[in-house]
Visitor: 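The structure follows.
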Amino acid sequence: MVKQAASLMTFKYATRWSGFGRWVKDISVLLKISAGAIGIGCFGYPIHPVFEVTSNCNLRCLHCHARGGEFRLDELDTKNAKKVIESLADVREFRTLVFTGGEPLVRRDIFQLMEYASNIGFYTILATNGTLITREVARKLIEAKIGGIAASIDFVDPVLHDEYRGASGAFEKTLKGILNAQREGLYIQINITISKRNINQLRELTMLADKIGAHVILLYQLIPSGRGENLFDETLDSEYFRILIEKLRNIQSGINPVTVPVGLPEYFAYLTKSIGLNPKIASHVFRGCIAGRGMYYIKPNGDVWPCPFLPIPAGNLKEKSAKEIWRSSVFNMFRDRSRLKGQCSRCIYREVCGGCRARAYAYTRDPLESDPCCPLYKVEKPITSVQKI
């Protein structure tokens with residue numbers, strides 16, 4: 001709790017965030033949601049596992065890293081999914097468990113799995129597109145003892161949102177779903193994937209999330225992985241990122257939700273520099289990229305990746321325990337930032353940022369290379385095309 005409070009207050013000071021009142025009002029829920037947190041970084045509060053329980057989905061989003069809707073034959077059944085949850089519970093650092101997809105609500109046993117996780121001690125979150133949360137589903141989520149939902153909105157214009165999500169009426173259904181969850185008292189997080197297609201709507205999107213009553217906004221950067229490979233020309237480059245981090249800090253001072261960029265750990269280096277904080281001190285609260293350091297991503301077949309955008313298997317939970325994989329050489333590789341290469345290896349903000357390991361891998365096939373789109377330093381070698389994964 002001390003680390004949670006310290007990271008939040010440092011963030012408040014660095015961004016001039018004025019939404020502390022909303023957090024104080026719901027502090028009992030928020031402390032549970034961020035259980036086990038060791039700071040603030042990419043994906044918000046680390047450490048937590050994320051379980052992609054299915055790749056099946058009712059939408060066909062253009063940017064989906066999980067290729068949602070493309071059904072897998074090797075998806076874990078109920079019995080083996082429960083074994084995964086049991087194994088995760090053996091890792092002392094894991095206290096919050098996120099269920100994601102695809103769309104997890106299309107899985108028939110999802111309520112059973114969420115309740116099972118809650119009963120063995122996890123605080124649970126459902127990452128969803130929101131379109132399937134009817135009043136009845138919202139009540140069932142409460143019965144399954146989940147803490148809240150993370151729902152995705154990418155445009156304030158319903159037509160553009162529906163086009164991006166691959167289904168007519170998705171925007172309206174998502175808003176209704178969020179409202180249904182809210183009526184049941186669930187914590188609300190809004191996920192936004194930002195790209196050249198919608199960066200001009202950044203302020204409007206964050207204001208919409210604020211109006212909805214979100215406590216947190218995760219601002220995902222479009223990373224060319226999964227179906228996102230087809231949108232390479234829409235990904236942001238270093239100049240766009242420079243503009244984005246400045247705009248985001250200015251926006252943060254006027255909204256209630258804490259807004260954290262995913263895939264842009266340089267934001268924490270920027271905040272550290274902006275308030276003149278010693279990077280060594282800042283590294284105790286700002287964690288930057290949490291691939292392998294605070295993120296533990298489980299695929300539908302039990303494979304474990306260091307990040308949802310970093311397809312490097314560290315092991316499979318049908319063959320190894322969660323603890324073994326958490327302590328594996330793949331995860332340890334990302335914990336040791338002295339192994340980073342290029343500009344990232346020499347950067348004074350290495351420990352508060354670390355560069356986006358997923359972007360380094362997507363562009364160079366080497367997860368330890370410098371982040372090729374760092375907005376704080378000039379890229380030494382221009383990148384013109386993404387490597388196919």
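Small disclaimer: the values here were computed from a predicted structure and weren't measured. Nothing fancy with the numbering, it's 1 onward along the sequence.
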Visitor: Would you kindly say whether K145 and N119 are connected by a side-chain donor-acceptor distance under 3.5 Å?
Guide: yes

Visitor: What I want to find out is whether R22 reaches D210 closely enough, with some N-O distance under 4.0 Å, to be called a salt bridge.
Guide: yes

Visitor: Is it true that the side chains of N180 and Q182 contain a donor and an acceptor less than 3.5 Å apart?
Guide: no

Visitor: Okay, side chain of R287, backbone of S283: is any donor-acceptor separation there less than 3.5 Å?
Guide: yes

Visitor: Is V262 close to L219 at the side-chain level, that is, under 4.5 Å between some pair of heavy atoms?
Guide: no

Visitor: Is it true that Y349 and E351 share a donor-acceptor pair across their side chains at a distance under 3.5 Å?
Guide: no

Visitor: Is K196 salt-bridged to E234, cutoff N-O under 4.0 Å?
Guide: no

Visitor: Keeping R108 on the side-chain end and L105 on the backbone end, is there a donor-acceptor pair under 3.5 Å?
Guide: no

Visitor: Is the shortest heavy-atom distance from the side chain of E115 to the side chain of E143 under 4.5 Å?
Guide: no

Visitor: Looking at residues at least two apart in the chain, or sitting in another chain, which of them share a side chain to side chain contact (heavy atoms under 4.5 Å, CB included) with I120?
Guide: I85, A89, Y116, F122

Visitor: Show the numbers, then the answer: is there a ring-ring contact (aromatic ring centres under 6.0 Å, His included) between H215 and Y187?
Guide: CA-CA 7 Å; H215 293 89; Y187 156 91; 5.6 Å; yes

Visitor: Using only heavy-atom distances, determine whether the side chains of T54 and N56 contain a donor-acceptor pair under 3.5 Å.
Guide: no

Visitor: Under 30°, 30 to 60°, or over 60°: which ring-plane class applies to W305 and Y297, parallel, tilted or perpendicular?
Guide: tilted

Visitor: F171 and I153: side chain to side chain contact (heavy atoms under 4.5 Å, CB included), yes or no, with the steps?
Guide: CA-CA 7 Å; F171 183 83; I153 300 175; 4.0 Å; yes

Visitor: Would one find more than 12 heavy atoms of other residues, nucleotides or ligands at under 6.0 Å from atom CD of E172?
Guide: no

Visitor: Drop me the distance from K273's NZ to C353's SG, to the nearest 0.5 angstrom.
Guide: 13.0 Å

Visitor: Please tell me whether Y240 and F155 are part of a single hydrophobic cluster in this structure, the criterion being side-chain heavy atoms less than 4.5 Å apart.
Guide: no

Visitor: When you measure from the side chain of Q221 to the backbone N and O of I194, does any donor-acceptor pair fall under 3.5 Å?
Guide: no

Visitor: My understanding is that a hydrophobic cluster links ILVMFWY residues whose side chain heavy atoms are under 4.5 Å apart, including indirect links. Using that, what else belongs to the cluster containing L179?
Guide: none

Visitor: How long is the straight-line distance from CG of L244 back to CZ of R249, given to the nearest 0.5 Å?
Guide: 14.0 Å

Visitor: For side chain to side chain contact (heavy atoms under 4.5 Å, CB included), just list the numbers for C344 and R350, CA-CA rounded to whole Å, side-chain angles, deciding distance to a tenth of an Å, and then say yes or no.
Guide: CA-CA 6 Å; C344 285; R350 185 177 71 187; 5.8 Å; no

Visitor: Among L62, L222, D233, which residue satisfies the side chain to side chain contact (heavy atoms under 4.5 Å, CB included) criterion with S195?
Guide: L222

Visitor: Quick check against the 3.5 Å criterion: does Y123 have a side-chain atom that pairs as donor or acceptor with the backbone of I146?
Guide: no

Visitor: Could you pull out the closest heavy-atom pair between I47 and W326, with the gap in Å?
Guide: CG2-CH2, 3.7 Å

Visitor: Using a 4.5 Å cut-off on heavy atoms from C-beta on, say whether the side chain of Q189 contacts that of L218.
Guide: yes

Visitor: Given E369 and K341, is the salt bridge (charged side-chain N to carboxylate O under 4.0 Å, His left out) satisfied, shown in steps?
Guide: CA-CA 5 Å; E369 262 298 347; K341 302 175 183 178; 5.2 Å; no

Visitor: Under the side chain to side chain contact (heavy atoms under 4.5 Å, CB included) criterion, do F232 and Y363 qualify, and how do the steps go?
Guide: CA-CA 10 Å; F232 175 74; Y363 283 72; 3.6 Å; yes

Visitor: Just verifying a value: how many Å separate C307 SG and Y296 OH, rounded to the nearest 0.5 Å?
Guide: 14.5 Å

Visitor: Enter the distance from S55:OG to E75:CD here, rounded to the nearest 0.5 Å.
Guide: 6.0 Å

Visitor: Could you measure the distance from the OH atom of Y377 to the OG atom of S238? Nearest 0.5 Å is fine.
Guide: 14.0 Å

Visitor: Do other residues, nucleotides or ligands put more than 12 heavy atoms under 6.0 Å from K82 NZ?
Guide: yes

Visitor: Name the one of V216, I178, T206 that satisfies side chain to side chain contact (heavy atoms under 4.5 Å, CB included) with I190?
Guide: I178

Visitor: Are any non-hydrogen side-chain atoms of V98 and F51 less than 4.5 angstrom apart?
Guide: no

Visitor: Assigning hydrophobic clusters by single linkage (Ile, Leu, Val, Met, Phe, Trp, Tyr; side-chain heavy-atom cutoff under 4.5 Å), is L208 placed with I149?
Guide: yes

Visitor: With a 3.5 Å cut-off and no angle check, do the side chains of S321 and D90 form a donor-acceptor pair?
Guide: no

Visitor: Kindly say whether Q343 contributes a backbone atom to a donor-acceptor pair with the side chain of S370 at under 3.5 angstrom?
Guide: yes

Visitor: Is there a continuous path of hydrophobic side-chain contacts, each under 4.5 Å between heavy atoms, that joins I348 to L277?
Guide: no

Visitor: Please say yes or no: joined through hydrophobic side-chain contacts below 4.5 Å, possibly via intermediate residues, are F309 and F331 part of one cluster?
Guide: yes

Visitor: How far apart are the C-alpha atoms of R197 and E163, what are their side-chain angles, what is the distance that settles it, and do they pass the salt bridge (charged side-chain N to carboxylate O under 4.0 Å, His left out) test?
Guide: CA-CA 12 Å; R197 190 180 294 214; E163 179 185 329; 3.7 Å; yes

Visitor: Short question: side chain of T364, backbone of A360 - any donor-acceptor pair under 3.5 Å?
Guide: yes

Visitor: Hey, does F241 have a side-chain heavy atom less than 4.5 Å from the side chain of C373?
Guide: yes

Visitor: Start with the C-alpha gap between L97 and L88, add the side-chain angles, then the distance that decides, and say whether side chain to side chain contact (heavy atoms under 4.5 Å, CB included) holds.
Guide: CA-CA 9 Å; L97 177 58; L88 292 171; 3.9 Å; yes

Visitor: Do E103 and T128 have side-chain N/O donor and acceptor atoms under 3.5 Å apart?
Guide: yes

Visitor: To the nearest 0.5 Å, how far apart are CG in L202 and OG1 in T259?
Guide: 8.5 Å

Visitor: Do Y361 and R357 have a side chain donor and acceptor closer than 3.5 Å?
Guide: no

Visitor: Got a sec: does the CZ of R327 have more than 12 other heavy atoms crowding it under 6.0 Å?
Guide: no

Visitor: Is there a path of hydrophobic side-chain contacts, each under 4.5 Å between heavy atoms of I/L/V/M/F/W/Y residues, joining L76 to V106?
Guide: yes

Visitor: Check whether any side-chain heavy atom of F11 sits under 4.5 Å from a side-chain heavy atom of L271, and report yes or no.
Guide: yes

Visitor: Is there a donor-acceptor contact under 3.5 Å from the side chain of R165 to the main chain of D154?
Guide: no

Visitor: Would a 4.5 Å heavy-atom cut-off, applied to side chains only, mark M9 and V285 as touching?
Guide: no

Visitor: Salt bridge check, R242 against E239: does any charged N sit closer than 4.0 Å to a carboxylate O?
Guide: yes

Visitor: Side chains of S152 and N129: donor-acceptor distance under 3.5 Å anywhere?
Guide: no

Visitor: Strictly distance-based, threshold 3.5 Å: is any side-chain N or O of R335 a donor or acceptor partner for the main-chain N or O of R293?
Guide: no

Visitor: For the CE atom on M333, are there more than 12 heavy atoms of other groups (residues, nucleotides or ligands in this structure) within a distance under 6.0 Å?
Guide: yes

Visitor: Is D371 reaching over with its side chain to a backbone N or O of C356, donor-acceptor style, under 3.5 angstrom?
Guide: yes

Visitor: Check whether any side-chain N or O of T235 sits under 3.5 Å from a backbone N or O of I223 as a donor-acceptor pair, and report yes or no.
Guide: no

